2 protein chains.
Amino acid sequence: MAAAERRRRRKEERPGEILEAAFEEFARSGFAATKLDDVAARAGITKGTIYLYFPSKEDLFLATVREMNRPSQENLAALTAAPQGSAMAILRSHFAFVYAHMVEDRRAREILRMLMAEVSRFPDLADRWRAEVIGPAVEALRRVVRYGIARGEFRASAAEEFPHLLFAPVIMACTWRLMFGDDHALDGAAYLEGHLDLMARGLACLPEEARSAGE
Amino acid sequence: MAAAERRRRRKEERPGEILEAAFEEFARSGFAATKLDDVAARAGITKGTIYLYFPSKEDLFLATVREMNRPSQENLAALTAAPQGSAMAILRSHFAFVYAHMVEDRRAREILRMLMAEVSRFPDLADRWRAEVIGPAVEALRRVVRYGIARGEFRASAAEEFPHLLFAPVIMACTWRLMFGDDHALDGAAYLEGHLDLMARGLACLPEEARSAGE
DNA sequence: CCTTATTGACTGTCTGGTCAGTTATTAGTA
DNA sequence: TACTAATAACTGACCAGACAGTCAATAAGG
């Protein structure tokens with residue numbers, strides 16, 4: 001019975017194991033240069049077994065990206081909650097979270113790389129990612145900025161139309177690390193603090209404005 | 001003689017034509033998925049001819065990236081000139097230039113894509129790019145920030161340690177456009193203005209600081 | 001008729017995808 | 001318990017097509 005259990009469990013765990021191995025190989029070599037024999041070897045099986053669970057290399061790639069995206073989609077929910085307290089405090093905790101889960105986490109960075117590298121081969125991947133992950137994230141940021149303006153805490157600025165500007169240092173840190181490796185990573189607490197500091201100053205009302213607005 | 005001239009010119013122009021065609025194909029499909037037959041067809045020749053000028057596919061790729069990088073290296077010179085006038089004015093004209101030559105110019109964006117996608121296959125490419133293009137650019141930015149601080153125009157901020165923070169919106173715009181296509185591009189004058197506005201506020205001394213500093 | 005740039009047919013290799021066969025396990029039977 | 005059949009998971013040898021790289025033949029110029 002224990003053996004039966006183990007055997008049944010294999011079937012349930014195989015797809016996940018294959019996706020895990022595929023992610024590593026795709027991230028390292030890109031779609032075209034990744035060999036399914038290598039994916040199989042990394043998963044401790046043979047190529048034939050992959051085809052028991054995925055109909056083709058393309059499907060395996062799509063499944064890999066979707067699987068790796070799942071966490072960010074779930075995390076997004078927290079962001080859409082009704083804001084309360086200081087807008088800047090919300091932004092602070094938001095970006096602390098984003099740095100931990102996007103800059104520090106290698107997997108998230110590698111997804112960025114894979115998407116960027118393969119958009120021309122898989123055009124709908126980027127569209128989907130924008131619609132399901134990035135678009136809502138931008139909207140959530142925009143709501144925080146508007147909330148801050150309504151509260152008299154922030155001035156009206158381009159950050160309302162382009163929340164991307166606030167998010168940009170995250171992308172910068174991701175890109176930097178993707179290109180130059182962990183050894184030359186420029187992030188860490190100091191970078192995050194610098195980002196928050198510049199953002200706070202950039203968004204804030206000038207003292208006299210704040211006074212006249214009644215904060 | 002006119003025909004001889006034409007024939008001799010072919011030999012001089014071939015490498016450039018091949019590099020041009022190779023750039024388009026590599027940018028579209030990445031290194032592994034690019035077929036030399038396609039490169040040749042785009043250049044109006046056959047595959048054999050490519051091998052008269054480049055010893056292998058890898059060398060062709062390296063030559064392509066180097067060729068495409070040349071303009072940015074040359075442009076960099078302007079940045080290292082001794083600064084004068086308002087630091088913010090320098091930053092304004094600098095970023096106007098960078099947007100025109102990095103965000104609007106498709107070729108520069110595609111280089112970013114290619115480097116990011118192929119770093120694992122060509123590790124020294126990224127190192128070289130950092131040493132010759134990015135590193136000096138960061139240094140130049142840092143000098144402008146220091147100049148602004150020395151002038152009493154800017155406060156001391158993380159932008160001195162991480163000029164990347166100032167540059168980040170450019171990378172964001174590049175990445176956005178690379179991933180989602182020209183149709184969804186978020187740049188244009190409004191984005192640049194927003195970037196400059198947030199940056200100006202983020203860097204500037206507060207009015208009372210400025211007053212006491214004596215500007 | 002020599003030189004030189006170019007061709008295009010050819011080769012060897014590599015890899016996505018297939019499938020007949022092997023192994024491990026369970027169920028049934030006596 | 002011993003033997004057999006059925007089944008599910010997996011294997012690994014194989015194929016077909018694609019593609020980097022080669023080179024003898026060709027054509028164009030002088």
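The sequence lines fix the lettering, A, B, ..., with proteins before strands; numbering per chain opens at 1. Please read these numbers as outputs of a predicted model, since none were measured by experiment.
The side chain of B:Thr46 lies closest to C:dG8 when the candidates are D:dG21, C:dG8, D:dC10.
Taking atom CD of B:Glu58 as the reference point, atom P of D:dG21 lies 8 Å away to the nearest angstrom. Distance CD1 (B:Ile18) to P (C:dT6): 8 Å, rounded to an integer number of Å. Atom NZ in B:Lys35 sits roughly 15 Å away from atom P in D:dG17 (whole-Å rounding). The interatomic distance linking B:Phe61 (CZ) with D:dA20 (P) rounds to 14 Å, in whole Å. As rounded to whole Å, 13 Å separates atom C1' of D:dC10 from atom CD of A:Glu17. The interatomic distance linking A:Ile50 (CD1) with C:dT15 (C1') rounds to 12 Å, in whole Å. When rounded to the nearest whole Å, the span between CD of A:Glu13 and P of D:dA8 equals 20 Å. Distance, A:Tyr51 OH to C:dA20 P: 17 Å, rounded to whole Å.
When each of A:Gly48 and A:Ala32 is assigned the nucleotide of DNA chain C with its nearest heavy atom, A:Ala32 is the one assigned upstream, toward the 5' end.
The aromatic rings of A:Phe180 and A:Trp176 lie perpendicular to each other, with more than 60° between the two planes, well past the 30° mark.
Not one side-chain nitrogen or oxygen of A:Tyr53 sits closer than 4.0 Å to the OP1 or OP2 atom of D:dA9. Checking the phosphate oxygens (OP1, OP2) of C:dT7, a side-chain nitrogen or oxygen of B:Thr49 falls inside 4.0 Å.
Counting atom types as modelled, A:Lys47 pairs a side-chain N or O with a base atom of C:dG16 as donor and acceptor under 3.5 Å.
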What pairs of donor and acceptor atoms, side-chain ones from residues 111-121 of chain B against any protein atom, are under 3.5 angstrom apart with sequence neighbours left out?
residue, atom, partner, partner atom, Å
B:Arg113, NE, B:Glu110, OE1, 2.9
B:Arg113, NH1, A:Met116, O, 2.8
B:Arg113, NH2, B:Glu110, OE1, 3.4
B:Arg113, NH2, B:Glu110, OE2, 3.4
B:Glu118, OE2, B:Phe31, N, 2.8
B:Ser120, OG, A:Arg28, O, 2.4

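Looking at heavy atoms from C-beta onward, A:Phe26 lies out of side-chain contact with A:Val65 at the 4.5 angstrom threshold.
Here CD of B:Glu67 is found 5.5 Å from CG of B:Leu19. Values are rounded to the nearest 0.5 Å.
At a threshold of 4.0 angstrom between heavy atoms, the contacts of A:Ile45 are confined to the sugar-phosphate backbone, with no base atom among them.
Minimum heavy-atom separation, A:Gly85 to A:Tyr147: O-OH, 2.6 Å.
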